[in-house]
Colleague: 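Okay, here's the structure, questions in a sec.
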2 protein chains.
Amino acid sequence: MPENRDFRMTASRREILSLLEACSSHPTAEEVCTMVRERLPKVSLATVYRNLDLLAREGLIRTISVAGEQRRYDGMVEEHHHIRCEVCGRVEDVELSCRDPLEALLADSKGYEVRGCTLCFVGVCGECAGDGAESDE
Amino acid sequence: MPENRDFRMTASRREILSLLEACSSHPTAEEVCTMVRERLPKVSLATVYRNLDLLAREGLIRTISVAGEQRRYDGMVEEHHHIRCEVCGRVEDVELSCRDPLEALLADSKGYEVRGCTLCFVGVCGECAGDGAESDE
DNA sequence: ATAACTGCAAAACGTTTGCGTGTAT
DNA sequence: ATACACGCAAACGTTTTGCAGTTAT
């Protein structure tokens with residue numbers, strides 16, 4: 001039963017994929033690598049990077065990147081956005097479809113054909129609030 | 001006439017600041033360095049990084065994190081957002097205050113105290129449209 | 001069989017830091 | 001005079017790449 005893909009579904013790829021799909025924490029490549037190694041101890045970080053890149057290009061996962069910070073990966077491929085805690089760095093999903101109404105506005109106002117939208121709120125999560133951490137603004 | 005600042009307004013800082021204020025292209029640190037060197041040839045990249053960081057901490061410029069790319073800097077300090085061309089990479093300002101209505105929603109729905117919002121649309125700008133460049137999706 | 005995939009090590013990249021010298025205040 | 005800022009070069013953490021051996025198809 002040949003799969004209709006232009007790449008091979010190897011053990012490490014299957015593992016990365018199912019791991020990301022089950023995981024809500026938007027891990028970094030290194031965190032993915034650590035998780036993969038629990039089941040496939042010999043997987044190298046380079047392979048994890050290569051596979052994350054491939055899976056993202058194939059549209060099976062999403063990349064969350066904030067310039068100057070470590071890239072993170074997300075198994076949820078539907079359009080959605082994130083909120084990141086300024087203190088602990090955690091990233092959570094936000095279900096919020098503000099894209100469509102703005103798309104028309106932007107395409108009109110800037111002459112762009114809008115293809116996507118990366119929206120990331122930053123703030124302080126409930127756990128970090130009151131930690132005395134809000135003073136570094 | 002002593003200035004009421006907790007840092008010195010040196011030549012390189014003044015230059016970086018006025019350059020960013022006059023510049024609408026959201027340059028990277030290296031681009032800023034190149035521009036600064038047109039007038040101050042001996043400035044080092046490390047100094048540019050240090051000064052960009054300081055000016056951002058002081059609130060005189062903004063750091064913009066455009067997904068997947070190098071950090072960029074912006075002389076416009078008011079809350080605003082960006083749109084980036086997928087083809088040529090240019091980043092333009094978008095005046096669009098979608099923050100306030102969403103803030104309440106988010107603070108409520110996720111338990112976060114929202115402090116800011118980085119919103120970046122990606123698309124194809126007018127100049128790049130029809131260049132045959134939209135095939136690499 | 002063979003093209004795709006892998007681990008390893010080294011390179012590349014953007015960014016930060018230590019140190020001794022220079023400069024704004 | 002002195003604390004701050006600087007240039008230089010080296011270090012850093014993340015990501016990419018070259019290569020030779022391995023594996024899925």
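Chain A is the first sequence line, chain B the second, and so forth, proteins listed ahead of strands; every chain is numbered from 1.
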Colleague: If you check every side-chain atom of A:S44, which of D:dG7, C:dG7, D:dT14 has the closest atom?
Modeller: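 Comparing D:dG7, C:dG7, D:dT14 against the side chain of A:S44, the answer is C:dG7.
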Colleague: Between D:dG13 atom P and A:R72 atom CZ, what is the distance in whole Å?
Modeller: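 In whole Å, D:dG13 P and A:R72 CZ are 17 Å from each other.
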Colleague: For D:dG7 and B:T47 - does any side-chain N or O of the residue sit under 4.0 Å from the phosphate oxygens OP1/OP2?
Modeller: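 Answer yes for this pair, as a side-chain N or O of B:T47 is under 4.0 Å from OP1 or OP2.
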Colleague: Once you round it to whole Å, what is the distance between P of D:dC6 and OH of B:Y49?
Modeller: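 Rounding to the nearest Å, OH of B:Y49 and P of D:dC6 are 16 Å apart.
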Colleague: Where do A:I64 and A:Y73 land on the side chain to side chain contact (heavy atoms under 4.5 Å, CB included) test, with the steps shown first?
Modeller: CA-CA 6 Å; A:I64 309 173; A:Y73 299 88; over 6 Å; no
Colleague: Mark yes or no for a side-chain to base donor-acceptor pair under 3.5 Å between A:R8 and C:dA4, with no hydrogen or angle criteria applied.
Modeller: yes
Colleague: Between atom CG in A:N51 and atom C1' in D:dT23, what is the gap in whole Å?
Modeller: 13 Å
Colleague: Touch check for A:R13, heavy atoms < 4.0 angstrom, all strands: base, sugar-phosphate only, or nothing?
Modeller: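 Result for A:R13 = sugar-phosphate.
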Colleague: Write down the distance between CG (A:L45) and P (C:dA10), rounded to a whole number of angstrom.
Modeller: 16 Å
Colleague: At less than 4.0 Å, is any side-chain N or O atom of A:S12 found next to OP1 or OP2 of C:dT6? Yes or no.
Modeller: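 Yes.
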Colleague: Please tell me if A:R71 has a side-chain N or O lying less than 4.0 Å from either OP1 or OP2 of C:dC13.
Modeller: no
Colleague: Starting from P on C:dC13, measure out to CD on B:E31 and report it in whole angstrom.
Modeller: 15 Å
Colleague: Taking atom P of C:dT6 as reference, at what distance in whole Å does atom CD1 of A:I16 sit?
Modeller: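 Taking CD1 of A:I16 and P of C:dT6, I get 8 Å after rounding.
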Colleague: Output the rounded distance in Å from CG (A:L52) to P (C:dT6).
Modeller: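 Answer to the nearest Å: 11 Å.
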Colleague: Any donor-acceptor pair, under 3.5 Å, between the side chain of B:R50 and the base of C:dG18, if you only look at N and O atoms?
Modeller: yes
Colleague: For the side chain of B:V43, counting heavy atoms from C-beta on, which of D:dG7, D:dT17, C:dT16 is nearest?
Modeller: D:dG7
Colleague: Rounded to whole angstroms, how far apart are CZ on B:R57 and P on C:dT15?
Modeller: 16 Å
Colleague: Give a yes or no on whether B:E58 atom CD has more than 12 heavy-atom contacts from other residues, nucleotides or ligands under 6.0 Å away.
Modeller: yes
Colleague: Is there a side-chain polar atom (N or O) of A:T10 under 4.0 Å from OP1 or OP2 of C:dT6?
Modeller: yes
Colleague: Once you apply a heavy-atom cut-off of 4.0 Å, does A:D53 come out as touching a base, just sugar-phosphate, or nothing?
Modeller: nothing
Colleague: What's A:T28 touching, base or sugar-phosphate or nothing? Going by heavy atoms closer than 4.0 Å.
Modeller: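 No contact.
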